[in-house]
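Protein chains get the first letters and strands the later ones, always in sequence-line order, with residue 1 at the start of each.
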There are 2 protein chains.
Amino acid sequence: MPSYRLDAIDRHILAALQRDARLTNVQLAEEVSLSPSPCLRRVRQLEAAGLIRGYHAELDRGGVGLGLTVFVGIKVERHHEAQANAFREAVVALPEVVSAHLVSGESDFLLQVVVADLAAYECFLTGTLLRLPGVSDIRSNFAIQTVKEHGPLPLGRLEGEGREPMPVARRP
Amino acid sequence: MPSYRLDAIDRHILAALQRDARLTNVQLAEEVSLSPSPCLRRVRQLEAAGLIRGYHAELDRGGVGLGLTVFVGIKVERHHEAQANAFREAVVALPEVVSAHLVSGESDFLLQVVVADLAAYECFLTGTLLRLPGVSDIRSNFAIQTVKEHGPLPLGRLEGEGREPMPVARRP
DNA sequence: GCTACAGTTGGCAGAATATGCCAATGAAAA
DNA sequence: TTTTCATTGGCATATTCTGCCAACTGTAGC
């Protein structure tokens, strides 16, 4: 289990696959100035190391009939640890919840919820969210306009083009 | 320009590609119980209709050295429309900003920002965000734990398995 | 300076896949 | 029933995937 170091080519590969996950290995190899064999090997290594967690199609939410995105701030009663775990597990299992983070600040959790319309959200809020274990307060912020979405991670911000810039641990 | 209607097979295709964008067309065809030819044709149609906006690799943020995610609420002075546009364009151009929405509620905009660490965020906040045009207030909520991320859109919540459920317009 | 060595690369070949074309199928309209 | 139209499945060819092996590069040790 060697600990992993990303060189410039690895970052180039990650950036390219982040932009277009359906690149052919031949295309990818050409983009990063490598022949297909070592390119594929690097991709497999990045996958095995857990740096690439998956490949996903990005869908048009409005187009598939999911027109409403809501950012939901939730406060929970922090008395029991078991209750907090129950809350987390419940949230993970909800298909309408696209992402959920424990955050600092006013709310304890920040959820991104995707539903068809306001009626569906009302149903989800009163029928599901408000009944989750330990919830003490919910604040719903509706997305009125999407300015930017699914932006790529800023890999360019890591380090220059140095040889072996950054030690990276394998999956914890 | 035929307006688009999703049937059960289309939704199945979308769900599968959302889960794993590197599925082979042969695998995808088998999963949706179609032969490769019509399967590929449907995928191409879904892409052309704009329902599939792209395919992206999901990276491990910590693994690539981007260990800090911050949700940033921003209030802007709403006096000039031109100023609001300038703000939007500036935000879109920032690589650290992974997503940005105009939202209802306390803040006007909600940004998701990804940086290496707290020092990088301090630099980004004081050197970039606070200097954006029209910003009047900024509230930073740090992600302490990621409970769920990149959850698939809940296509199952759309309609039953009816024939031609839902009219969908082409790209606006 | 020279040798041994570890890691990486590039090329090759067989298997699998992508993709355009055409006939066949099935359902709705006349 | 017949016509029409959209969709499907199969086929052939070009491209790609992927494991294997030899060559190369840079480093450490002698």
- Ranking A/Cys39 and B/Val26 by the position along DNA chain C of their nearest nucleotide, the one closer to 5' is A/Cys39
- Can you tell me the distance, in whole Å, between the CZ atom of B/Arg42 and the P atom of D/dG9? 10 Å
- Nearest to the side chain of B/Leu34, which nucleotide is it out of C/dT17, D/dG9, D/dT16? D/dG9
- Task: At under 4.0 Å between heavy atoms, which parts of nucleotides 19-25 of chain C does protein reach? Answer with one letter per nucleotide, 5' to 3': B base, S sugar-phosphate only, - none.
- Result: SB-----
- Message: Holding to ring pair (Phe, Tyr, Trp, His ring centres under 6.0 Å), I want the full list of residues that pass it with B/His101, two or more places apart in sequence or in another chain.
- Response: A/Phe71
- Message: Checking contacts here: which listed nucleotide (D/dT7, D/dC17, D/dG9) is nearest the side-chain heavy atoms of A/Thr24?
- Response: D/dC17
- Message: Tell me the interatomic distance from A/Arg22, atom CZ, to C/dT17, atom P, rounded to whole angstroms.
- Response: 13 Å
- Message: Rounded to whole Å, how long is the line connecting atom CD of B/Gln45 with atom P of D/dA6?
- Response: 12 Å
- Task: Any salt bridge (charged side-chain N to carboxylate O under 4.0 Å, His left out) involving residues 26-35 of chain A? Give me the pairs, sequence neighbours left out, ordered by first then second residue.
- Result: A/Arg19-A/Glu31
Which pairs would a plain distance check flag for residues 125-138 of chain B, meaning a side-chain donor or acceptor within less than 3.5 Å of a matching protein atom at least two apart in sequence or in another chain?
unit_1   : atom_1 : unit_2   : atom_2 : d
B/Thr126 : OG1    : B/Glu122 : O      : 2.9
B/Ser136 : OG     : B/Lys75  : O      : 3.3

- ring pair (Phe, Tyr, Trp, His ring centres under 6.0 Å) against B/Tyr55, all qualifying residues, sequence neighbours excluded: none
- Query: With sequence neighbours left out, what residues match B/Phe109 under ring pair (Phe, Tyr, Trp, His ring centres under 6.0 Å)?
  - Reply: B/Phe87
- Could you check whether A/Ser35 gets within reach of a base, just the sugar-phosphate, or nothing at all, counting any heavy atom under 4.0 Å? base
- Distance, rounded to the nearest Å, where A/Glu30 contributes CD and C/dG10 contributes P: 13 Å
- Query: With hydrophobic residues grouped by side-chain heavy-atom distances under 4.5 Å, do A/Val26 and A/Leu34 end up in a single group?
  - Reply: no
